[in-house]
S.K.: 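Here it is, the structure, as structure tokens.
Sequence lines set the chain letters: A, B, ... in the order given, protein chains first and strands last, and positions in each chain run from 1.
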Amino acid sequence: SAVISQKPSRDICQRGTSLTIQCQVDSQVTMMFWYRQQPGQSLTLIATANQGSEATYESGFVIDKFPISRPNLTFSTLTVSNMSPEDSSIYLCSVEDKRTGVSTQYFGPGTRLTVL
Amino acid sequence: QKEVEQNSGPLSVPEGAIASLNCTYSDRVSQSFFWYRQYSGKSPELIMSIYSNGDKEDGRFTAQLNKASQYVSLLIRDSQPSDSATYLCAVGFQKLVFGTGTRLLVSP
């Protein structure tokens with residue numbers, strides 16, 4: 001599977017500020033995804049990021065709060081804007097792998113965000 | 001609203017036993033089903049995928065799918081303490097819907 005890295009691995013931020021999380025893949029992938037995992041919860045899809053088009057957001061998530069960039073086939077960023085303590089979560093990027101002929105997803109190591 | 005249901009556990013089994021993890025889903029047209037393992041503080045790791053009814057085996061892991069009953073399960077044979085983790089069931093094509101996970105504890 002692809003090797004996925006995320007930066008930063010963790011951060012502590014003040015409310016009202018913004019944080020940009022980077023996701024880098026070691027091979028070209030068409031589809032990248034951003035998920036959130038709140039404390040003690042499961043994963044929730046925030047948005048799908050395709051290269052060359054605007055990100056597609058899931059219900060409950062908006063571009064003004066979570067702007068996403070996808071400048072090429074190996075890189076994406078997620079910004080968490082105007083943060084509040086409720087944004088404290090683990091943010092994970094994943095990539096779609098179709099080399100076996102079916103769609104599977106592999107996750108990066110995640111970014112643990114704490115908002116004070 | 002697409003839903004994926006799992007018993008949160010913990011499911012406790014002794015070392016060497018078979019652990020059985022279950023998952024039900026609401027979207028009848030779902031075609032792709034995945035099991036991820038998540039150790040505490042780590043990201044989910046894909047361990048099994050299944051797309052058609054029946055069993056799929058990979059080493060000590062067997063995934064079972066019954067689309068008529070909207071049910072997917074994961075069996076772990078010869079459970080080891082290193083299998084202790086949270087197991088997440090995920091359903092969907094590209095846009096995955098995750099269950100809340102079942103915490104498995106394997107005691108030596």
S.K.: Find out if a path of hydrophobic residues (ILVMFWY) with successive side-chain heavy-atom gaps under 4.5 Å connects A:Val95 to B:Phe34.
M.R.: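 Hydrophobic grouping puts A:Val95 with B:Phe34.
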
S.K.: With a 4.5 angstrom heavy-atom cut-off, is it the side chain or the backbone of A:Leu92 that approaches chain B, or both, or neither?
M.R.: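 Only the side chain of A:Leu92 comes within 4.5 Å of chain B.
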
S.K.: Could you list each N or O donor-acceptor pair linking chain B to chain A at a distance under 3.5 Å?
M.R.:
{"from": "B:Tyr36", "atom 1": "OH", "to": "A:Gln105", "atom 2": "O", "distance (Å)": "2.7"}
{"from": "B:Gln38", "atom 1": "OE1", "to": "A:Gln37", "atom 2": "NE2", "distance (Å)": "3.0"}
{"from": "B:Gln38", "atom 1": "NE2", "to": "A:Gln37", "atom 2": "OE1", "distance (Å)": "2.9"}
{"from": "B:Ser43", "atom 1": "OG", "to": "A:Gly108", "atom 2": "O", "distance (Å)": "2.9"}
{"from": "B:Gln94", "atom 1": "O", "to": "A:Gln105", "atom 2": "NE2", "distance (Å)": "2.3"}
{"from": "B:Gln94", "atom 1": "NE2", "to": "A:Glu96", "atom 2": "OE1", "distance (Å)": "3.4"}
{"from": "B:Gln94", "atom 1": "NE2", "to": "A:Glu96", "atom 2": "OE2", "distance (Å)": "2.8"}
{"from": "B:Lys95", "atom 1": "NZ", "to": "A:Glu58", "atom 2": "OE2", "distance (Å)": "3.2"}
{"from": "B:Gly99", "atom 1": "O", "to": "A:Ser42", "atom 2": "OG", "distance (Å)": "2.3"}

S.K.: In terms of hydrophobic clustering (I, L, V, M, F, W, Y; side-chain heavy atoms under 4.5 Å; direct or indirect links), are B:Leu46 and B:Leu74 co-clustered?
M.R.: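 As far as the 4.5 Å side-chain criterion goes, B:Leu74 and B:Leu46 are not connected within one cluster.
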
S.K.: To the nearest 0.5 Å, what is the distance between CG on B:Leu88 and CZ on A:Phe107?
M.R.: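 Those atoms lie 8.5 Å apart.
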
S.K.: In terms of hydrophobic clusters joined by side-chain contacts under 4.5 Å, are B:Leu11 and B:Leu105 together?
M.R.: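 No, separate clusters.
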
S.K.: Membership question, hydrophobic clusters at under 4.5 Å side-chain separation (ILVMFWY): are B:Phe98 and A:Phe33 in the same one?
M.R.: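 Looking at the clustering, B:Phe98 is in the same group as A:Phe33.
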
S.K.: Please say yes or no: joined through hydrophobic side-chain contacts below 4.5 Å, possibly via intermediate residues, are A:Ile46 and B:Val97 part of one cluster?
M.R.: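 The answer is no; the residues belong to distinct hydrophobic clusters.
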
